[in-house]
Amino acid sequence: MKKIWIWLRNLFCKPAAKIGLGVLVTVGFIAGILAWQGFNAGMAATNTEEFCVSCHTMHQNQEELKETVHWSNRSGVRAQCSDCHVPHDFTDKMARKIQASVEVWSHLTGKIDTPEKFEANRARLAQNEWDRFKANGSKECRTCHDYNSMDFEKMRETSREAMRGAAERNQSCVDCHQGIAHKKPEKTDARNPAFDGLIQAAGNESVKVGGTYFNVYPRELYLDEAMSKVAGKLEVGAPVKVLQEKGDAQQVEVSAWRKSKGFGRVWYGHFAKNITVATLEKAVAQDKQLVKIAESKEDPNTGLIWQKSSATFWIKKGEVVASTDPIWSVAKDSYKNSCSVCHKQPDEAHFDANTWPGLFGGMVGFTSMDKDTQGLVLKYLQNNSSDFKKPSH
Amino acid sequence: MTQNSRRVFLKGLSLATVAALVSPSLLLSRESEAKAAAVTGSGTDWKITGSHWGAIRARVAGGKVVEIKAFEFDKYPTEMIQGIIGLIYSPSRIRYPMVRLDWLKNGHKSDTTQRGDNRFVRVTWDQALDLFYSELERVQTSYGPWAMHTGLVGWRQTGQFHTCGNHMLRAMNMHGHTISTAGDYSTGAGQVILPYVLGSTEVYSQGTSWEVILKESKTVIFWASDPVKNLQVGWNCETHESFAYLEQLKNKIAKKEIRVISIDPVKSKTQNYLGCEKQYVNPLTDVALMMGLAHTLYTEKLHDQQFLDAYTLGFEKFLPYLLGQGADKTAKTPEWAEKICGVKAQQIRELARLMASGRTQLIFGWAVQRQQHGEQPYWMGAVLAAMLGQIGLPGGGISYAHHYSSIGVPSSGAAMPGSFPLNLDPGKKPKYTNTDYKGYSPMIPCARAIDALLEPGKVIDYNGQKVKLPPYKMAIYSGCNQWHRQQDRNRMKKAFHRLETVVAVDYTWTATCRFADIVLPACTQFERNDIDAYGSYSGRGVIAMQKLVDPLFSSKTDFEIFRGLTQRFGRDKEYSRNMDEMQWLAFLYENCRKENGSKFPMPPFKEFWAKGFVLFPAGKPWVRHADFREDAEINALGTPSGFIEIFSRKIASYNYADCPGHPVWMEKSERSHGGPNSKRFPLWMQSAHPDKRLHSQMCDSEPMRATYAIQGREPLFMSPEDARQRGIKHGDLVRVFNDRGQALVGAHVSSDFPKGVVRLQEGAWYGPTGPEIGALDTYGDPNTMTQDIGTSSLAQAISANTCVVEVEKYKGKAPAVTAFGGPTEVMPK
């Protein structure tokens with residue numbers, strides 16, 4: 001062991017005695033060139049389309065790419081795998097290549113060696129790439145698509161608005177453009193993507209204790225801070241007063257109206273207006289300790305008694321915003337698009353809050369809105385109905 | 001329709017089709033003929049497309065559509081698909097942009113009493129669009145938005161991209177604000193009353209699946225509903241899947257496994273097909289019959305008090321009226337009802353007992369709400385169903401739409417393609433932002449559009465609101481035939497004298513074109529590429545509508561027409577989003593594909609387009625209102641209370657004499673069978689939806705019309721007894737008339753019709769002898785005789801079925817039919 005060490009020390013530190021320095025330098029230089037060439041060739045080879053799809057995991061990816069404009073277009077420019085998935089500058093590229101060895105490992109060990117396994121991992125893999133693009137501001141996209149070189153006037157009307165805003169914010173491309181080169185993974189909870197923006201906005205909201213906020217997505221109400229006992233459901237757009245925050249949970253007060261007929265499970269935002277804000281479990285609604293009743297009034301339009309009630313619950317933190325504006329703006333878009341397919345959509349204030357459910361329920365079957373979006377749009381229509389606004393013509 | 005009868009029919013029609021094959025070449029312009037020849041050569045080509053009448057495959061040879069057959073999936077195609085060739089090559093097609101002679105001379109100051117004289121001058125597209133645009137400018141700047149009426153669009157040609165209403169309205173929205181309409185002509189009363197009662201419009205809602213009805217119902221009542229006739233057509237591309245269930249129903253009736261009763265004055269097509277029982281009722285008196293049934297249910301304790309307590313409000317406020325303890329002191333006994341509705345008291349009792357004896361499905365059509373007080377039969381129907389207590393049970397309860405599109409066929413759940421946007425794109429404003437309506441209402445209940453012209457500024461009640469009628473000066477009708485759907489032609493003539501400018505966009509020379517000033521030729525849906533939903537409610541699939549031939553004559557797609565119009569104020573790129581037809585189709589399709597995701601896989605657009613369709617698997621059987629019955633608190637109805645409202649405090653609070661807080665029987669302004677005005681005009685004229693047209697669409701198809709017209713006129717169906725009394729024989733020319741109008745029609749004597757009842761199907765084209773008020777209608781549009789009154793202060797919908805007439809054998813020399821063949825083309829001096 002020691003001998004080897006000494007031999008090595010001699011080899012590197014002792015001047016060469018038998019070979020001329022010039023020879024050594026020349027040989028070393030040539031070897032260096034060859035090594036660099038080889039390294040570069042290796043780098044380039046692992047950047048080619050052939051290399052990428054040589055493991056058949058990636059074959060499907062290429063087939064998907066072939067259907068897109070990034071593969072075939074009128075200008076004859078083609079983006080291949082590495083153009084998007086490998087950084088273009090040296091350091092990042094090295095880092096990425098080292099990281100990529102994990103993927104080779106995955107392939108060799110059979111973690112994703114079949115299309116089925118790939119499909120099962122698609123969402124995770126896509127998320128990895130999206131995260132990378134988000135972090136670097138979609139750097140690879142922008143070697144070709146540069147905000148500074150865009151002529152907004154040549155864009156389609158609708159694109160123009162969106163792109164100008166994105167350029168101003170220097171937004172990462174993948175924020176909006178996903179699934180452009182490969183199939184977009186199916187979301188397991190398949191919600192209307194319009195809600196994602198709201199949830200994001202809610203994540204950025206700095207909530208002050210004592211303030212009133214609005215729920216951005218239908219979700220659970222809990223009885224306890226640990227959020228283990230479900231009390232019911234809080235509807236989108238429902239106002240809550242934030243009482244305190246503990247860990248991941250927020251304690252809120254829900255204050256609303258309910259009908260005395262039945263079990264009082266359905267809570268409404270306004271007296272005698274059927275705009276749901278929460279639905280409670282039967283036992284919860286009947287819990288006299290929890291539910292406080294401030295007053296009772298008869299609705300002249302139905303003869304039913306309505307009770308002003310309040311109760312405190314726990315909800316998951318980070319899903320409320322300070323104003324209903326962003327919520328209604330999402331709803332308005334959905335309403336205008338979905339309800340003008342067959343006819344001109346009526347003015348929101350054309351009907352009152354209690355008429356909208358009947359009309360909306362009668363027509364919504366023609367649209368392809370999912371349940372949550374239906375709830376959102378109906379609440380938007382009710383909250384902007386003739387009970388609250390004059391027809392805006 | 002049986003296989004046999006269809007075959008016989010097709011045989012007969014093939015002769016007519018041959019006639020149609022010969023004539024088209026004479027109609028084709030040289031230009032389009034040359035174009036077509038260049039594209040297709042002399043080869044033969046089968047293409048797929050969709051229509052209100054179903055999906056079809058069409059053979060195109062030498063640039064002409066020469067053969068049509070049903071899409072293989074359609075097992076019950078309607079005979080009407082054989083009328084499509086005649087529709088494309090109809091002599092009534094609008095060939096060029098045209099302008100009414102006097103309007104071309106004098107513009108908006110023209111002599112409007114000449115309207116309807118049918119004298120038009122051919123102009124170029126540029127001239128026509130310039131005139132159209134300058135009128136928009138003039139009306140917006142000299143009057144404002146209250147003067148511009150953009151007519152409600154009804155049964156446009158199918159196709160989600162080219163849907164004409166969206167094109168017209170998007171272009172209009174870019175220019176300025178306008179007067180719009182509320183409601184529609186088909187279900188005007190029903191869609192307003194039912195949200196108060198059952199919490200939904202119901203008329204356009206998915207209903208309990210046919211297979212559930214077939215399995216669970218002991219009795220099915222078709223109340224003024226004729227599904228076998230009306231299911232031939234659909235709002236989108238119709239699949240005709242419902243007919244498979246109707247066939248099963250027919251078999252069950254034959255085996256006496258189910259009782260099916262058709263309550264109708266007339267022996268309907270459905271009744272003839274099913275071979276079911278019939279319950280005659282005097283026209284317009286259904287509510288009286290229902291009261292008698294309710295009285296029996298209550299007094300014989302056959303009603304479900306538990307259901308009424310748990311799921312309804314206000315029964316106790318209705319009871320005094322029913323039992324004779326109310327203001328009118330009249331008990332609504334079967335004996336009381338018999339005098340009005342003509343059904344024996346004993347029969348009423350037996351019917352009530354039958355309904356209560358087991359699971360009973362009530363199925364209403366729309367005809368009973370197209371009458372004065374049309375809200376009442378629907379409301380009272382719901383009260384009957386509530387008393388029976390079966391709402392929400394499989395095979396029980398009430399439906400108002402099993403005759404419509406694919407209602408009753410379970411929904412697949414797949415998303416259907418969207419359409420060309422009707423609205424402005426986000427952030428866009430119209431050229432004229434003026435919203436000063438000068439105190440007029442910006443919205444008219446659609447059926448009151450003529451009142452607005454004749455009674456400017458009149459304030460009317462409408463659904464709890466006040467509407468001040470705007471006397472608009474200019475109207476634009478696109479792909480809709482106002483001169484078919486609106487009542488009382490002679491009143492319309494007077495009203496149209498007050499309009500300065502009327503623009504009509506259509507593919508065929510309807511009466512609406514005849515009474516317009518600027519007429520623009522759109523092409524038919526068979527001359528453009530599009531996509532459509534296959535099955536409006538079943539969501540069975542998406543169908544490609546491949547262009548069969550190029551636009552005929554000088555016609556253009558609505559997209560091109562309105563792009564040309566918006567170009568005149570520099571917004572054509574915004575209008576089209578700089579996309580062409582195929583880009584739009586790919587866009588709409590791919591959006592739909594994205595929405596359906598992996599749940600309902602769809603091939604990429606190119607693959608879909610080449611194949612022509614994508615089909616989705618059948619949905620699960622479903623029961624209407626079952627969720628409400630299961631948990632009325634969480635799944636509350638959309639009524640003010642969330643429950644079924646037998647008494648509506650909200651309606652009562654409006655204080656309408658013609659629509660009080662609970663259903664009531666009210667006498668009509670005129671009625672046959674001993675009703676008002678029946679001495680002078682003893683015959684009730686019903687204007688049912690036609691059997692061989694879709695409203696007024698396809699009336700211009702010559703080979704199709706030849707299968708039913710009598711001496712070239714619309715048939716007037718009447719009973720042998722009424723015919724005999726008047727010396728009329730089947731096939732005679734007769735004059736049908738009342739104080740409002742007169743028409744020359746052909747007598748079709750049929751024992752399906754009882755004494756005192758005649759039928760003139762709506763959608764027959766109006767063909768007056770001249771523009772003058774009272775002119776004889778030479779073809780037989782029923783709305784020449786119907787009255788233009790609202791159903792009530794609540795819905796203000798049409799009352800077309802409240803109409804009595806007299807019929808006499810026509811003796812003079814019959815004037816030629818003027819309804820078809822387009823205008824008299826004149827050269828300007």
Any side-chain heavy-atom pair from [X] and [Y] closer than 4.5 angstrom?
X	Y	answer
A:Asn383	A:Glu348	no
A:Leu198	A:Pro326	yes
B:Tyr575	B:Phe420	yes

Counting only heavy atoms closer than 4.5 Å, note whether [X] contacts chain A via side chain, backbone, both or neither.
X	answer
B:Asp184	neither
B:Phe647	neither
B:Pro421	neither
B:Asn434	neither
B:Tyr196	neither
B:Pro145	neither
B:Ala632	neither
B:Thr181	neither
B:Ile634	both
B:Gln206	neither
B:Gln160	side chain

Tell me, side chain or backbone of [X] under 4.5 Å from chain B's heavy atoms, or both, or neither?
X	answer
A:Asp352	side chain
A:Phe360	neither
A:Leu359	both
A:Lys259	side chain

Exercise for the section: Determine, step by step, whether B:Tyr404 and B:Tyr204 satisfy the ring-ring contact (aromatic ring centres under 6.0 Å, His included) criterion, reporting the C-alpha distance in whole Å, the side-chain angles of both residues, the deciding distance to 0.1 Å, and the verdict. Expected result: CA-CA 8 Å; B:Tyr404 180 58; B:Tyr204 298 131; 5.7 Å; yes
Problem - Charged N-O contact under 4.0 Å between B:Arg649 and A:Glu298 - result: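 So B:Arg649 pairs with A:Glu298 through a salt bridge.
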Handout entry: Salt bridge A:Glu235-A:Lys379, side-chain N to carboxylate O under 4.0 Å
Key =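 Between A:Lys379 and A:Glu235 there is a salt bridge, with a charged N closer than 4.0 Å to a carboxylate O.
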Handout entry: Donor-acceptor pair between B:Thr150 and B:Thr178 side chains, under 3.5 angstrom
Key =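 There is such a pair between these side chains.
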Practice task
Consider only side-chain N and O atoms of A:Asp299 and A:Thr302, and report whether a donor and an acceptor are under 3.5 Å apart.
Solution key: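 Yes, a side-chain donor-acceptor pair sits under 3.5 Å.
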Exercise for the section: Considering only heavy atoms and a distance below 4.5 Å, find which of A:Pro346, A:Ala353, A:Gly303 pairs most often with chain B. Expected result: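 The candidate making the most pairs under 4.5 Å is A:Gly303.
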Exercise for the section: Give the member of A:Met369, A:Lys183, A:Lys261, A:Lys273 that has the highest number of heavy-atom pairs under 4.5 Å with chain B. Expected result: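 Between A:Met369, A:Lys183, A:Lys261, A:Lys273, the count favours A:Lys261.
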Ring geometry between [Y] and [X] (parallel below 30°, tilted from 30 to 60°, perpendicular above 60°):
X	Y	answer
B:Tyr462	A:His350	tilted
B:Trp155	B:Trp235	perpendicular
A:Phe388	A:His270	tilted

Handout entry: Pick from B:Pro195, B:Cys592, B:Ser200 with the largest number of heavy-atom pairs that fall under 4.5 Å of chain A
Key =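 So the answer, after comparing B:Pro195, B:Cys592, B:Ser200, is B:Ser200.
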Practice task
Could you tell me which of B:Arg156, B:Glu645, B:Glu633 has the largest number of non-hydrogen atom pairs under 4.5 Å with chain A?
Solution key: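 With the most close heavy-atom pairs to chain A, the winner is B:Glu633.
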Handout entry: Steps toward salt bridge (Lys or Arg N to Asp or Glu O under 4.0 Å) verdict (B:Asp425, B:Arg170)
Key = CA-CA 9 Å; B:Asp425 289 338; B:Arg170 181 169 167 90; 3.2 Å; yes
